[in-house]
S.K.: 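Okay, here's the structure, questions in a sec.
The chains referred to below are lettered A, B, ... by the order of the sequence lines, with proteins before strands, and numbering in each begins at 1. Given the structure is predicted, the values throughout are model-derived calculations rather than measurements.
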Amino acid sequence: MQPASLNGSYIFGTFAHILHCITMLTHIIKNAAGQGLKSLYPDTIIEIESIGINQTKPEFVGDYTVVLFPFVKLLRQKPDFLGDQLGEYLVANNTMFTAYQVISGFLNLTVSDSFFTDLLQKEFNNSNYGTSNLSHQKVMIEYSSPNTNKPLHFGHLRNNFLGFAVSNILKATGNNVIKANLVNDRGIHICKSMIAWQRYANGATPMSTGLKGDKFVGDYYVKFNDVYKQEVLDLMNSGMDKTHAEKEAPIMKDAQQLLRLWEAGNTATFDLWKTMNGWVYEGFDITYKRLGIDFDKMYYESETYLLGKAIVEKGLEKGILFKQEDNSVWIDLTAEGLDEKLLLRGDGTSVYMTQDLGTAVLKYNDYQLDRSVYVIADEQNYHMQVLKVILQKLGEPCADGIFHLSYGMVELPTGRMKSREGTVVDADDMVDEMITMAQEQTEQAGKTEGFTEEELNELYNTIGLGALKFYLLRVDPKKKMIFDPKESIDLHGFTATFIQYAHARICSILRKENMTIFPETKQFKELVITQKLSKAEKSIMVALEQYPTIIESAAIELNPANICNYAFQLSQLFNTFYDQHSIAKAENEEKKQLRLMMIVMIAQTLRHAMNLMGIRLPEKM
RNA sequence: GGACCGGUAGCUCAGUUGGAUAGAGCAUCAGCCUUCUAAGCUGAGGGUCAUUGGUUCGAAUCCAAUCCGGUUCACCA
């Protein structure tokens with residue numbers, strides 16, 4: 001039995017793989033090499049898929065490399081002989097290859113400049129360059145999914161940025177994406193902040209205190225825990241043992257009573273709950289807006305928590321589930337290498353899993369989903385695996401489309417963030433800090449001239465938020481990350497700032513040439529290119545050609561880090577190119593036009609890539 | 001104990017159908033602004049790819065075992 005996460009990516013991966021290869025230059029080369037070998041050795045069957053194509057290492061001449069070793073045995077030829085034979089054939093029969101070189105079993109092919117300049121002339125000003133029709137699935141991405149008892153913290157940011165970026169990436173590859181947020185708006189944790197507010201607030205509100213709504217409510221959640229801790233201590237001092245004291249603490253009993261009242265539909269409780277959640281939502285809205293995060297569909301647990309019971313009943317009828325003596329309902333997953341799992345308590349009330357079963361079916365029925373992606377931290381790997389397996393056993397059609405996009409927790413150097421210990425890095429504070437840093441560095445670099453105050457604020461925002469998003473997205477999602485707030489986040493090197501800067505430099509050149517960032521295409525399309533591409537120019541074109549493939553791989557793996565890496569590399573190539581060649585004062589008019597076209601395409605590709613992650617690129621900085 | 005995830009330079013990380021001398025960034029050191037934005041570029045140093053064995057022309061990558069770290073296995077959500 002494959003774990004849920006592997007299973008999901010497998011289904012999607014195989015389908016994608018077929019279309020995947022048709023577009024890329026490497027696949028064209030693969031086919032050409034296959035054809036070549038076929039006509040050189042008509043009696044031997046060679047599987048095209050077995051031909052390995054790599055990008056040629058920079059220390060050698062060439063752009064792409066055919067690995068010859070696999071055919072040595074098959075064709076009974078020495079690798080170097082084979083390389084010469086195939087290289088000669090390809091250059092003679094295919095205008096796209098202009099030269100070859102065989103070095104110790106590797107056939108390095110030089111792809112013609114015209115292949116790349118054709119691509120350049122076709123796509124340089126296409127703001128959709130990179131998008132594809134990889135698949136046409138209807139996909140829901142559930143992400144964010146906050147609790148309404150406290151503000152968002154740094155860990156949530158990773159979730160939000162991931163969900164948002166992955167949604168964009170899947171859209172860019174042809175899918176119909178629904179961004180969903182399942183708000184955890186009910187339960188004992190909400191009642192905790194409610195009871196604390198009732199006891200200690202004296203009617204205070206966010207308005208009366210000037211606090212942001214989510215912070216205001218979060219403070220009462222903290223207050224609950226402080227009081228609770230003290231009450232437990234008091235009880236223990238009066239001789240009660242710890243477990244008992246934790247159950248008997250008055251404030252906890254009050255919170256539980258509130259939960260019962262809420263479930264019974266008590267009006268006063270319901271009103272308070274609505275009011276306090278309303279405050280939290282006002283706060284969340286501000287934060288989401290700042291982050292540039294949005295959703296197409298909101299689900300509320302208060303509306304879904306009773307779902308799932310019907311599914312359990314059906315499972316009982318089918319005999320897939322069983323009842324214990326106390327009337328509780330279970331499923332036996334030991335055959336799948338998992339455990340027995342409770343689905344209904346003896347008193348008929350549901351547990352977390354029950355409601356997740358119901359919600360999975362609800363989502364599926366709402367949208368007829370092909371896939372349902374859950375962006376949830378890796379501490380819930382087991383839960384998500386069980387969820388999928390149960391739905392599969394129950395024969396629910398939504399089951400196979402479920403995919404857990406599991407990500408590692410963001411930890412502090414001291415360990416996990418714990419709200420009860422006050423070690424949580426608040427999301428809003430973090431954003432503020434980043435923006436302040438952006439301001440300091442901009443002022444320090446003396447780059448504030450020529451901006452209005454409003455423009456400067458927007459610029460700091462773009463740089464600060466960009467750095468934050470990039471920092472959290474550049475790492476493989478499944479890896480946990482350690483974040484040291486004291487060292488904060490650098491704005492140099494492998495950062496959004498680096499990419500933003502490259503973009504701003506390009507825009508600056510275009511401005512000086514009196515060109516907009518979306519120049520007229522005519523003058524360029526008519527350009528006849530006769531001169532050889534320099535090494536720096538060629539590497540940029542090779543990289544640009546790869547962009548659609550990069551998005552596809554990010555879509556298949558659900559991994560925005562691929563795009564971060566790509567955008568950074570492209571920026572690096574641009575900076576090197578910029579240092580070596582003048583654009584405005586190019587050697588001649590042809591080169592100037594060519595380079596202008598190239599930087600337009602670089603800028604356009606960088607914008608597209610960063611836009612997928614919700615990162616904006618300034619025209620000036 | 002079972003299951004799952006991770007271990008690559010001092011630090012943070014790339015390295016995906018097995019391919020050439022394992023790459024970036026930060027930090028350190030040495031150069032480069034009269035010239036399209038130096039938030040940049042060029043170069044140097046820095047590695048037992050956790051360990052051991054296996055598979056083969058070839059292993060950071062695949063397999064097995066071991067070590068270390070994490071998460072999880074609730075009538076919590």
Side-chain angles (χ1 to χ4, degrees), chain A residues 3 5-6 13 17 21 49-50 52 54 56-57 59-60 65 67-70 72-73 79 103-106 108 147 184 186-189 301 305 324 326 328-330 337-339 341-347 349-353 355-356 377-383 385-386 406 408-409 411 416 438 441-442 444-445 447 463 471 474-476 478-484 487 490-495 497-498 500-502 504-513 553 556-557 559 561-562 564-565 568-569 571-572 574-586 595 599 620-621:
Chain A
S5 55
L6 284 176
H17 189 66
C21 297
E49 280 312 307
S50 69
N54 305 319
T56 305
K57 300 243 163 194
E59 57 265 38
F60 303 110
T65 297
V67 185
L68 300 165
F69 297 107
V72 170
K73 240 183 209 171
I103 298 171
S104 57
F106 296 90
N108 299 332
N147 290 351
N184 190 341
R186 65 160 285 278
I188 188 68
H189 50 290
E301 225 182 82
Y305 81 109
Q324 281 202 340
D326 65 351
S328 59
V329 180
W330 296 74
L338 306 169
D339 305 285
K341 185 82 193 169
L342 175 92
L343 295 180
L344 282 180
R345 296 188 184 100
D347 61 7
T349 56
S350 49
V351 291
Y352 180 46
M353 183 59 78
Q355 101 189 24
D356 270 9
D378 60 8
E379 58 186 355
Q380 295 206 45
N381 283 357
Y382 180 77
H383 175 81
Q385 194 183 349
V386 170
S406 166
M409 307 280 282
E411 293 180 10
R416 284 174 68 160
Q441 301 231 7
T442 306
Q444 210 177 341
K447 300 206 173 195
I463 297 173
Y471 181 84
R474 70 182 195 185
V475 182
D476 185 339
K478 68 171 173 284
K479 293 194 176 174
K480 74 171 181 199
M481 37 189 315
I482 293 165
F483 170 66
D484 188 345
E487 287 181 11
D490 205 336
L491 295 182
H492 298 273
F494 184 24
T495 62
T497 316
F498 184 94
Q500 289 168 327
Y501 184 63
R505 281 173 136 183
I506 291 173
C507 292
S508 169
I509 297 167
L510 297 180
R511 263 197 310 277
K512 293 200 169 149
E513 293 295 323
S553 71
I556 292 164
E557 294 168 31
N559 184 1
N562 291 353
C564 291
N565 277 304
F568 176 65
Q569 275 166 28
S571 303
Q572 266 184 323
F574 166 73
N575 281 331
T576 303
F577 162 82
Y578 177 90
D579 199 61
Q580 285 176 10
H581 301 301
S582 176
I583 292 141
K585 293 177 190 162
R595 287 176 189 161
I599 64 171
K620 266 197 296 188
M621 66 186 283

S.K.: C57(B) phosphate, OP1 or OP2: any side-chain N/O from Lys73(A) under 4.0 angstrom?
M.R.: yes

S.K.: Is there a side-chain polar atom (N or O) of Lys479(A) under 4.0 Å from OP1 or OP2 of C13(B)?
M.R.: no

S.K.: Say whether Thr65(A) and Asn108(A), considering side chains only, have a donor N or O and an acceptor N or O under 3.5 Å apart.
M.R.: yes

S.K.: Is the phosphate of A39(B) approached by Arg505(A) (side-chain N or O, under 4.0 Å from OP1 or OP2)?
M.R.: no

S.K.: Tell me the closest heavy-atom pair linking Pro79(A) and Leu68(A), and the distance in Å.
M.R.: O-CD1, 3.3 Å

S.K.: Can you tell me the Watson-Crick or wobble partner of C67(B), both distances under 3.5 angstrom?
M.R.: G7(B)

S.K.: Taking atom C1' in both C11(B) and U28(B), compute the distance separating them and give it to the nearest angstrom.
M.R.: 12 Å

S.K.: Let's test your reading of the model: under 3.5 Å, does the base of U16(B) pair with the side chain of Glu557(A) as donor and acceptor?
M.R.: yes

S.K.: Assign C33(B) to syn or anti; the rule is syn for a glycosidic angle within 90° of 0 and anti otherwise.
M.R.: syn

S.K.: I'd like to compare against my own output: the B/S/- annotation of nucleotides 68-77 of chain B with a strict under-4.0 Å heavy-atom distance to protein.
M.R.: ---SSS-BSB

S.K.: Within this structure, what is the CG-to-C1' distance between Asp490(A) and C13(B), rounded to whole angstrom?
M.R.: 14 Å

S.K.: Considering only the P atoms, how many Å lie between U61(B) and U8(B), rounded to the nearest integer?
M.R.: 14 Å

S.K.: Using whole Å, what does the distance between atom P of nucleotide C32(B) and atom CG of Asn575(A) come to?
M.R.: 20 Å

S.K.: So which nucleotide does C32(B) pair with, by the Watson-Crick or G-U wobble rule with both distances under 3.5 Å?
M.R.: G40(B)

S.K.: Taking donor-acceptor contacts at under 3.5 Å, does the side chain of Lys57(A) reach the base of U21(B)?
M.R.: no

S.K.: Please tell me if Ser406(A) has a side-chain N or O lying less than 4.0 Å from either OP1 or OP2 of C5(B).
M.R.: no

S.K.: With nearest nucleotides of RNA chain B determined for Met481(A) and Thr495(A) from heavy-atom distances, which residue corresponds to the more 5′ nucleotide?
M.R.: Met481(A)

S.K.: Take atom C1' in G69(B) and the same atom in C32(B), then report the distance between them in whole Å.
M.R.: 44 Å

S.K.: Would you say the base of G19(B) stacks on Phe69(A) (centre-to-centre below 5.5 Å, plane angle below 30°)?
M.R.: yes

